Amino acid sequence: SPDQDVFNDIWEGIRINNSANVFDYTLVQYGGYSSSTNYVQLAAIDASPVISNNIIRYSDTYGIYVYNGSPTISGNQITNNAGDGVNIYSGSPTISNNQFSDNVDGLVLGSGSNTVQGNTFNNSSSYHLTHTPSASISYTGNIFTGTGGGKIEMVGGSVSGDITWSNVQDFNWAYII
């Protein structure tokens, strides 16, 4: 495999603005570069496309970023990204049957109702899972191996009143707040 540092920062990224789009069977790599923080390798902005069966790797930032959408993200290989494998800032996606490996954080979930099922997470350098207090998440049938497991990072936002966070698939992982 090529040395990813040689190729990083070559191009900015792909932005999907239409919910009718299907992004399927592509290789997306070495993107995510910008002098600002507004670019990621593959972004769905105000859209709910289908993102499936892709290889998304070697991004200088996030592999996939979602802002205000409810995409279906399924069957992808999301690997070796310098930031999060997938970052959902806002929206209610279905994230299923993906392979996450060797990203900083595997999956970061912001606000919204999120379905996370049948994914494999391996060797996240920070955490496999990170989410905000306001995220509503259904985790089922996921596999967690290697580094990054055993804890869930809770970031951003505030809690006003009583709240219960379900433990991920009864693994009894600790929440890091």
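Keep in mind that what you see is a predicted model, and the values were worked out from it rather than measured.
- Between N17 and A47 the shortest heavy-atom distance is C-CB, 3.7 Å.
- Applying the side-chain hydrogen bond (donor to acceptor under 3.5 Å, both in side chains) rule to Q29 yields the partners R57; only residues at least two apart in sequence or on another chain are considered.
- Using a 4.5 Å heavy-atom cutoff, the side chains of Y62 and V108 are not in contact.
- When every heavy atom of N81 is checked against every heavy atom of Y58, the shortest pair comes out as OD1-N, 3.5 Å.
- Sorted by first and then second residue, the ring pair (Phe, Tyr, Trp, His ring centres under 6.0 Å) pairs with a member in residues 96-118 read F100-F121; sequence neighbours excluded.
- Listed for the D60 side chain is no donor-acceptor partner under 3.5 Å among the backbone atoms of G31.
- Of the possible donor and acceptor atoms, one in the side chain of N142 sits under 3.5 Å from a partner among the backbone N and O of N119.
- Here the CD-CD1 distance, from Q99 to I143, works out to 9.5 Å after rounding to the nearest 0.5 Å.
- A donor-acceptor pair is defined here as one N or O able to donate and one able to accept, closer than 3.5 Å; such a pair exists between the side chain of S48 and the backbone of S70.
- Within the 4.5 Å cutoff, the side chain of S125 has no heavy atoms near those of the T147 side chain.
- Scanning both residues, P133 and G156, for their nearest heavy atoms gives CD-O, 2.8 Å.
- I95 is connected to Y139 through a chain of hydrophobic side-chain contacts under 4.5 Å among Ile, Leu, Val, Met, Phe, Trp and Tyr, so both are in one cluster.
- You'll find the side chain of N123 stays beyond 4.5 Å of the side chain of S101, heavy atoms only.
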Item to check | Verdict with reasoning, T79 to D102, per side-chain contact (heavy atoms from CB on, under 4.5 Å) | outcome: CA-CA 6 Å; T79 64; D102 301 302; 5.5 Å; no

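- Under the side-chain hydrogen bond (donor to acceptor under 3.5 Å, both in side chains) criterion, D105 pairs with S126, sequence neighbours left out.
- Here the side chain of S92 pairs a donor or acceptor atom with the backbone of S113 at under 3.5 angstrom.
- When every heavy atom of E153 is checked against every heavy atom of T130, the shortest pair comes out as OE1-OG1, 3.1 Å.
- Taking both residues in full, the closest heavy atoms of M154 and T132 are given as SD-C, 3.5 Å, listed atom of the first, atom of the second, then distance.
- Note: the hydrophobic cluster containing I14 also contains I88 (ILVMFWY, side chain heavy atoms under 4.5 Å, direct or indirect links).
- Taking both residues in full, the closest heavy atoms of G106 and S124 are given as N-OG, 3.5 Å, listed atom of the first, atom of the second, then distance.
- Linking ILVMFWY residues whenever their side-chain heavy atoms come closer than 4.5 Å, directly or via other members, leaves V116 and V50 in distinct clusters.
- Rounded to the nearest 0.5 angstrom, Y30 OH and N80 CG are separated by 9.5 Å.
- For the pair D84/Y65, no side-chain contact is recorded, criterion being any heavy-atom separation below 4.5 Å from C-beta on.
- Under a 3.5 Å cut-off, the side chain of N21 and the backbone N or O of S19 do not form any donor-acceptor pair.
- Between the N76 side chain and the N53 main chain, a donor and an acceptor come within less than 3.5 Å of each other.
- Distance alone, capped at 3.5 Å, places no donor-acceptor pair between the H131 side chain and the L107 backbone.
- Counting only N and O atoms by type, the side chains of N122 and T145 include a donor and acceptor under 3.5 Å apart.
- Hydrophobic clustering of Ile, Leu, Val, Met, Phe, Trp and Tyr side chains at less than 4.5 Å, counting indirect connections, unites L129 with V86.
- No side-chain donor-acceptor contact under 3.5 Å links N114 to the backbone of I137.
- Looking only at atom types and distance, the side chain of T26 has a donor-acceptor partner in the side chain of N54 under 3.5 Å away.
- In the model, D24 has a side-chain atom that pairs as donor or acceptor with a side-chain atom of S52 under 3.5 Å.
- Considering CD1 of I78 and OG of S59, their distance stands at 11.5 Å, rounded to 0.5 Å.
- The same ILVMFWY cluster, assembled from side-chain heavy atoms under 4.5 Å apart, contains both L109 and I64.
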